[in-house]
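Working notes for the structure below.
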Amino acid sequence: MTSVELKNVSRVYLGQSGPVYGLSAFDLRIKEGEFVCIVGPSGCGKTTLLNIVAGFEPPDLGDVLIDGEKITGPGTNRFVMFQEHALFPWLNVSQNIMFGLKMAGIQKRERKERTAALLRTVNLSDFSTAWIHELSGGMKQRVALARALIMDPEILLMDEPFAALDSQTRDMLHEEVELVWQRTKKTILFVTHNVREAVRLGTRVILMTAKGGKILREYPIDLPRNRFLEDVEVVKIASQIRDDLRQEVLRASMEEGYHVD
Amino acid sequence: MSIELEEQSDIAKVRFLAQGYHAWRGRAARLGFFILLIALWQIAASLEIWNEVIFPHPKEVADAIVLGMRDGTLPLAIEASMKRLCMGYGISLLIGIPLGLLLGRKRLLDDTVGSLAVGLQALPSICWLPMAVLWFGLSETAMQFVIIMGSLMSITLSVRDGVKTIPTLYLRAAGILGATGWRFYWYVLLPASLPAIITGAKLGWSFAWRSLMAAELLYVTSGIGSTLMMGRELHDMALVVAAMILIITIGLLTDRLIFRFGESFIHRRWGFDGRD
Ligand SMILES: Nc1ncnc2c1ncn2[C@@H]1O[C@H](COP(=O)(O)OP(=O)(O)OP(=O)(O)O)[C@@H](O)[C@H]1O
Ligand SMILES: [Mg+2]
């Protein structure tokens with residue numbers, strides 16, 4: 001139950017090919033308990049946004065406020081599910097999931113119980129003692145989800161968490177995330193390439209510009225829960241967003257073409 | 001379904017056995033090669049092209065080893081060397097691993113102490129012997145000092161480089177999982193740098209071994225290096241070669257027994273090459 005506010009946030013990367021805006025003069029207010037989905041073309045600054053809210057990178061300009069307070073670095077009230085899994089190779093699956101609890105000094109018995117419950121949630125009970133490199137990409141993401149949920153953070157930041165999953169598993173995990181969100185009223189910031197996924201999950205979808213790190217348009221999603229990816233309404237809104245996205249990509253590539261000439 | 005799985009795991013077992021077969025074939029080939037080498041040595045020695053004093057027979061060398069083992073001089077020499085080595089190398093590990101972890105994390109420390117370590121590594125450790133003898137006299141301490149100076153830098157620097165190449169992603173994950181302070185060092189930094197620690201320990205061991213042999217050759221006390229030197233003084237070429245063979249054997253055995261164990265541990269957890 002925590003609000004997030006970005007005020008005039010800018011982040012510039014000085015790469016080999018000149019300066020690139022990760023974010024520029026970016027304003028965003030996320031009320032507590034909102035489920036905001038970010039979509040946008042590859043390289044538009046979605047991961048940059050999450051990194052800055054997480055506190056991994058300081059913004060060059062502007063502030064990030066959590067419940068009205070300026071953040072100065074990472075904190076345990078925010079948890080990130082990274083685009084790449086970031087599981088520890090020296091620990092097995094269940095040790096990875098319970099790592100945060102161990103750091104918090106929680107008793108072994110409780111750790112084990114909660115880990116076992118989450119392993120069932122993500123359908124990985126048979127793999128509790130497997131090493132990370134023995135898992136498929138989708139299995140790794142499910143372990144990462146379990147590791148995020150066990151921390152029970154106030155704000156959950158998720159960077160394309162379900163990109164590598166088959167559709168059945170993804171549907172199942174959508175339901176799980178939706179359930180967790182409904183039950184705990186966490187504030188969730190969810191990045192995805194999949195517009196339909198964004199509409200299915202979010203209370204609001206934000207489309208970013210292809211370049212320049214800005215918001216292009218916002219779409220409030222006032223559909224009843226529980227939703228499904230195949231719902232007519234979901235598909236309808238998603239196709240509208242997808243059209244806007246396509247136009248934006250086209251516009252950006254045209255612009256690039258003019259620069260070359 | 002379960003029958004299929006059983007069959008499949010049988011196939012996996014066969015594949016596992018096949019790997020074992022390849023490993024054994026490799027071992028057999030190695031053994032054959034060395035037998036051939038000794039045979040050639042035997043032939044060369046029997047042709048008597050060189051004087052026996054400078055080119056001993058394999059049998060004489062074998063006799064020297066057997067005799068040395070029987071009368072206890074070789075076991076004593078090995079024991080003396082290994083004691084020094086284990087003390088010196090152990091101290092190097094105890095200092096080098098934590099120091100490397102710190103250097104990898106603390107910029108200021110790396111710019112100062114780290115660059116000193118890089119500089120000292122350029123100095124062959126045996127160059128410390130004169131100083132060590134002036135400081136500690138002709139003592140075990142002097143020998144151990146040389147071993148430490150030989151292995152400490154390479155352990156420290158390997159661990160430091162390992163820490164520096166830990167993926168940022170792990171460090172970020174550690175932070176939000178609440179691993180801070182000593183917990184961060186113990187539960188994240190140390191295990192994450194295990195591959196580098198094993199590389200460093202291995203490198204450090206070979207440096208320690210070389211330093212010790214150099215020190216024992218120069219400063220005759222006891223130990224396997226001194227046995228080698230004694231052979232030279234007695235013009236006992238068989239003893240010289242015997243000591244050399246022992247030095248090689250000890251070096252190889254430790255590599256096989258200790259470090260292979262560590263490497264297979266990493267292999268099991270990390271997957272193939274210790275990089276995720
Ligand atoms: N460390 C960096 N150095 C230089 N440029 C960077 C760095 N990190 C990001 N960028 C640039 O910033 C822009 C935004 O990157 P970001 O990772 O936020 O994109 P993204 O929207 O997450 O893309 P994707 O959907 O492909 O994950 C990109 O153009 C990228 O090239
Ligand atoms: Mg990204």
Side-chain angles (χ1 to χ4, degrees), chain A residues 47 50-57 71-93 95-106 126 129-137 140 143-144 146-148 150-159, chain B residues 1-2 4-6 8-9 12 15-16 97 101 104-105 159 162-163 165-201 261-276:
Chain A
T47 299
L50 284 202
N51 279 339
I52 284 177
V53 175
F56 294 140
E57 297 177 24
I71 63 159
T72 53
T76 40
N77 60 348
R78 284 155 280 153
F79 198 88
V80 187
M81 235 188 110
F82 299 92
Q83 196 164 2
E84 291 114 51
H85 61 80
L87 299 168
F88 297 145
W90 58 91
L91 301 177
N92 68 25
V93 166
Q95 287 166 338
N96 260 288
I97 295 174
M98 67 173 82
F99 186 83
L101 298 185
K102 186 171 175 180
M103 291 304 106
I106 285 166
D126 290 344
T129 57
W131 301 118
I132 300 305
H133 74 91
E134 297 170 339
L135 305 179
S136 73
K140 286 177 192 160
V143 178
R147 183 172 75 165
I150 212 168
M151 294 301 283
D152 196 25
E154 292 160 37
I155 301 172
L156 196 51
L157 307 167
M158 305 171 92
D159 199 351
Chain B
M1 170 73 192
S2 77
E4 246 173 47
L5 200 64
E6 246 165 53
Q8 295 250 329
S9 64
R15 197 165 50 212
F16 184 77
I97 293 172
L101 292 178
R105 291 294 297 169
V159 174
V163 170
T165 52
I166 295 174
T168 323
L169 216 51
Y170 293 161
L171 303 180
R172 288 182 168 177
I176 55 178
L177 286 163
T180 52
W182 68 269
R183 284 200 177 85
F184 171 72
Y185 278 87
W186 182 252
Y187 289 114
V188 180
L189 213 60
L190 187 68
S193 16
L194 259 188
I197 289 175
I198 289 178
T199 313
F261 179 76
E263 279 162 358
S264 74
F265 176 85
I266 296 295
H267 187 92
R268 256 199 321 281
R269 297 200 170 194
W270 263 254
F272 287 98
D273 53 358
R275 297 264 152 242
D276 190 55

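Convention: sequence-line order gives letters A, B, ...; per-chain numbering from 1.
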Interatomic spacing from [atom1] in [X] to [atom2] in [Y] - rounded to 0.5 Å:
X: N92(A); Y: R269(B); atom1: CG; atom2: CZ; answer: 7.5 Å
X: I132(A); Y: W270(B); atom1: CD1; atom2: CH2; answer: 11.5 Å
X: F88(A); Y: L177(B); atom1: CZ; atom2: CG; answer: 5.5 Å

Heavy-atom closest pair, residues [X] and [Y]:
X: A173(B); Y: A86(A); value: CB-O, 4.0 Å
X: G271(B); Y: H133(A); value: N-CD2, 3.1 Å
X: I176(B); Y: V80(A); value: CD1-N, 3.5 Å

E134(A) meets the side chain to side chain contact (heavy atoms under 4.5 Å, CB included) criterion, sequence neighbours left out, with A130(A), W131(A)
Can you tell which part of F56(A) gets under 4.5 Å to a heavy atom of chain B, answering side chain, backbone, both or neither?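 Both parts, heavy atoms under 4.5 Å.
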Please state whether the side chain, the backbone, both or neither of N51(A) comes within less than 4.5 Å of a heavy atom of chain B. side chain
Which residue, V188(B), L194(B), I266(B), forms the side chain to side chain contact (heavy atoms under 4.5 Å, CB included) with W90(A)? V188(B)
Going through the distances and angles, do E84(A) and L169(B) end up as a side-chain contact (heavy atoms from CB on, under 4.5 Å)? CA-CA 8 Å; E84(A) 291 114 51; L169(B) 216 51; 3.8 Å; yes
